[in-house]
Amino acid sequence: MATITLRGVTKRWGQFIGVKSLDLEIADREFLVLLGPSGCGKTTTMRMVAGLETASEGDILIGGKRVNDLEPKDRDVAMVFQSYGLYPNLTVWENIRFPLKVRKVDPSTHTERVQRAVDMVELNDFVHRKPAELSGGQRQRVALARAIVREPTVFLMDEPLSNLDAKLRVSTRAQIKNLQHRLATTTIYVTHDQIEAMTLADRVVVMNAGAVQQVGTPIEIYDRPANTFVAGFIGSPAMNLLSGEISEGVFTGDKVRIEGLATNHKGPVTLGFRAEDSGISTAAGEISAQVYSLELLGDCTIVTMHAGGALLSVKAPKEFRAVIGDPVHATVSAAICHLFDATTGERIEP
Amino acid sequence: MSDTTMRQPFGLRIASVSFLIFWSFLALFPLLWIFTMSFKLPLDAFSESALDVITGPITRERRGGISILDICIAGAIFYAILKVPGLFGRRAVRFFARKRAGLAVLGVAYAAWLYVLVTGFGVTGPSVLGALFGGLLVWLFGFSGEDDDEGGLLGTLLAAVFYVLAAGAGLWFVLPPLLSAVDSAALQIPLVDYLAHPLIGATTEHYMSVWFDRGFYRNFLNTMLVTAGVTTVSLTVGTLAGYGLARSTSTVAFWLLILALVFRALPHSVLVTGYLPPFIASRDILQPLWDAPIIGSFLGLFTATPPTLYGQPVAVIAVLVSINQPFTIWMLRSFFQSIPKELDEAARVDGCSDMEAFRRVIMPVMWPGVVTTGLFSFLLAYNDYLICSLLLNSQNQTMVPSITQFFNSETTTTDQVQAVAAAVSITAPLFLLVMAFQKQIVSGLTAGAVKG
Ligand SMILES: Nc1ncnc2c1ncn2[C@@H]1O[C@H](COP(=O)(O)OP(=O)(O)OP(=O)(O)O)[C@@H](O)[C@H]1O
Ligand SMILES: [Mg+2]
């Protein structure tokens, strides 16, 4: 039972600001994902919640109680570290048991609880090995088991899947999701992989350079990005962003003309649309340019072209064939377009 | 490592192998030579012919000698002594550590050892045997198993010393009667009797007179006291300071380290000159402390008047620690730095306080580093000549400076062989210690980042 509240939390190292005045309200049992490019302050935020880093300013509350001055051990959180942090001198079993031993949990329950955690992460065959004798994925699961064995009030996971191969990543992702659902523990999960964020999160916090850009459900973040940073960061390929002018619902830019936009805004704007919402046409379209390059993805082909002062990606059927330099037309309907302020990058609501 | 990665050019291999042979010959030869000499009568030991020094015909004639059978048995026993810790140490520990019996055995053995030291070196047989035997048990059972990390490190270090002592004493008391019994039995059997005839002349009389008539055992105990003191103090301080400095980012810490290095660079004699006057005058200097209201009455419980430190082992321990401490701190600090910070952090999130994280998580990982550093401290104290000879009075003298007592204007050849026997006595424990701990020492010296 724990809500987590961050109020104006700031981390400073000398002049450098790692995290800028962060306000966040995390509900009980929520799975919250911190998402952002490398160095944006995700780990720092999480370490402040864990108590491994002191906040320069602001309050951190867990379950309504201010924990700024509490030691990590008194915050009742469990953390999975980016690089495991397993105890190399202990076996897998003893690693998982360690939190119980340190916290003086009744020894008669240890075997049962450790066994349950081991079962959950399917490590039964490895309990007598040392961490050095395990593969990266197995180590990762030991770290997970060590976190869940105690049933803490808060889970903190720092890129727990970053060192796994693609296949293991998918299955462990599912395990984590299922686990969190079963244990119903408030979880903060750090990643810079947006697919992970999309699949796991109840809500996603997108961060950049120490500041929160947007907080919302994965769908909200995807469908209604709050600014050009979020728009350009979420989705694969990222949203196309073109610069141009808008007046009376008509957007015009270099080789681009889109009509029928439902807005009264006038002046320079940035227009965004997603590759998968647009299409290629041989006859005519909103964008007319030359093929810059082609990427065959199997289920479709991504066509890139130069227009609106940027490189745009447009999705074409997999049968689409062209050579670089061919003239192409892209169809972009007004309904799929997002508008952003040209200078601040903030979303312009229609 | 595959064969291809290890393949060296032929010429290089020849060169490195011959260098190794040359080097070990250079290093080992004097040792083996004095070892051989120390068991011979002076006539053989200083004989013109090298062969006579080795076979000792005169010694064989007058005092008897050892047979091929003896050599084989002694070799087997030596081999066993070196192998026992590796073979049985861990398994025994697993069993006992869980029941915390290791800790109890450790306590008993340590008490016995303290008893020996405290009873003023008026060594009584039972107490020595008690300590040695206890030490053997500690070696086997006292160090940390995987499941229970309490008391492990201390137990191992003490146990190492005890084991070497016990092995030495065992060899001393058990080997000669055993060998002569085996020989006399073998002489009854035809054919085998040839192996049991004395082949090489040998006598232990020099060792007897050095250790007992000339009281070398006192020097030995003093050395043990000084080395134990120096090693314990520098390791304790060095571990704590090294950990603190390794985890600190402040510039003060950096300057402290540099300062320590400067201190280490000073010649030892300079330090002694600085320490000598206060040690001689320590009674006057410390008097105010004894006169102080509360502290004074507390200190008075131990001695009525402040001690004169000059001549006492404590003084030597203090000087040697201050010489050695910078090095210990630097070395341990770099070991600690190779341990990822996430290990402490994981422990703290898992429920440890800072001190607990240090003791339960960092120290078990650190221990090859501690053993290696401890070995260096031990060697410094063990081999020190200058400071011990300057600061200790004769009844507190350690082994190395005491060798000078064998040389004076009336030195006889017997004295010289006795000096050689004393030299061998000094070297042998070191040799055993290093051999028994080679694995830990190597892993300590080569420890890079900790896997995990
Ligand atoms: N101890 C420190 N002193 C100074 N700056 C630091 C310190 N620790 C982190 N930083 C800086 O704070 C910023 C945020 O770091 P943080 O570790 O939170 O990034 P992150 O979002 O977790 O990145 P990644 O995805 O690469 O793990 C970085 O620019 C980093 O250089
Ligand atoms: Mg990080």
Side-chain angles (χ1 to χ4, degrees), chain A residues 13-14 43 46-47 49-53 70-105 107 110 127-134 136 139 142-143 146-147 149-150 152 154-158, chain B residues 90-91 93-94 97-100 143-153 156 247 249-251 335-336 338-371 440 443-444 446-452:
Chain A
W13 286 284
T43 301
M46 190 146 91
R47 287 169 57 85
V49 175
L52 297 170
E53 207 84 71
L70 289 187
E71 284 283 303
K73 71 187 172 84
D74 300 323
R75 299 192 183 190
D76 199 21
V77 300
M79 186 155 169
V80 180
F81 286 83
Q82 201 162 352
S83 52
Y84 320 129
L86 301 181
Y87 310 123
N89 58 316
L90 300 181
T91 59
V92 167
W93 182 273
E94 287 300 324
N95 256 289
I96 299 172
R97 190 176 147 215
F98 188 81
L100 301 179
K101 238 165 90 178
V102 176
R103 288 182 188 263
K104 311 231 163 23
V105 176
H110 286 190
V127 290
H128 296 299
R129 297 219 195 152
K130 295 273 179 73
E133 299 156 358
L134 297 177
R139 287 183 211 182
V142 178
R146 189 178 63 183
V149 73
R150 222 179 72 229
V154 176
F155 277 143
L156 304 173
M157 303 189 187
D158 193 354
Chain B
R90 231 161 232 285
R91 205 179 313 158
V93 161
R94 280 217 186 105
R98 235 172 270 141
K99 299 181 174 163
R100 306 215 172 188
F143 80 77
S144 121
E146 261 111 57
D147 303 344
D148 211 314
D149 25 28
E150 266 122 307
L153 195 67
T156 320
R247 292 293 187 256
T249 49
S250 96
T251 46
F335 277 119
F336 279 122
S338 72
I339 297 177
K341 204 161 177 271
E342 271 176 10
L343 223 55
D344 323 30
E345 293 179 344
R348 286 172 64 201
V349 174
D350 279 347
C352 295
S353 64
D354 288 352
M355 262 335 266
E356 264 181 318
F358 175 66
R359 205 176 55 80
R360 306 186 66 144
V361 173
I362 304 299
M363 281 318 280
V365 181
M366 258 299 280
W367 93 266
V370 171
V371 169
Q440 282 76 19
S443 73
T446 56
V450 176
K451 263 191 167 187

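Order of the sequence lines fixes the chain letters, A, B, ..., with proteins taken first and strands second; residue numbering starts at 1 for each chain. Given the structure is predicted, the values throughout are model-derived calculations rather than measurements. Atom set for the values below is all heavy atoms of this structure, side chains included, hydrogens, waters and symmetry mates excluded.
The choice from A/R146, A/Q82, A/R150 that makes the most heavy-atom pairs within less than 4.5 Å of chain B is A/R146.
Minimum heavy-atom separation, B/V361 to A/Y87: CG1-CD2, 3.5 Å. Minimum heavy-atom separation, B/A346 to A/G85: CB-O, 3.5 Å. Between A/P88 and B/V365 the shortest heavy-atom distance is CG-CG2, 3.9 Å. Across all their heavy atoms, A/A78 and B/V349 have their closest contact at CA-CG1, 4.0 Å.
B/E342 and A/S83 form a side-chain donor-acceptor contact under 3.5 Å, judged by distance and modelled atom types alone.
Salt-bridge formation is detected for the pair A/R47/B/E345: a Lys NZ or Arg NE/NH1/NH2 atom is positioned less than 4.0 Å from an Asp or Glu carboxylate oxygen.
At a 4.5 Å heavy-atom cutoff, B/A357 makes no contact with chain A through either its backbone or its side chain.
Listed for the A/R103 side chain is a donor-acceptor partner under 3.5 Å among the backbone atoms of B/D350.
Between B/C352 and A/K73, the closest side-chain pair of non-hydrogen atoms is not below 4.5 Å.
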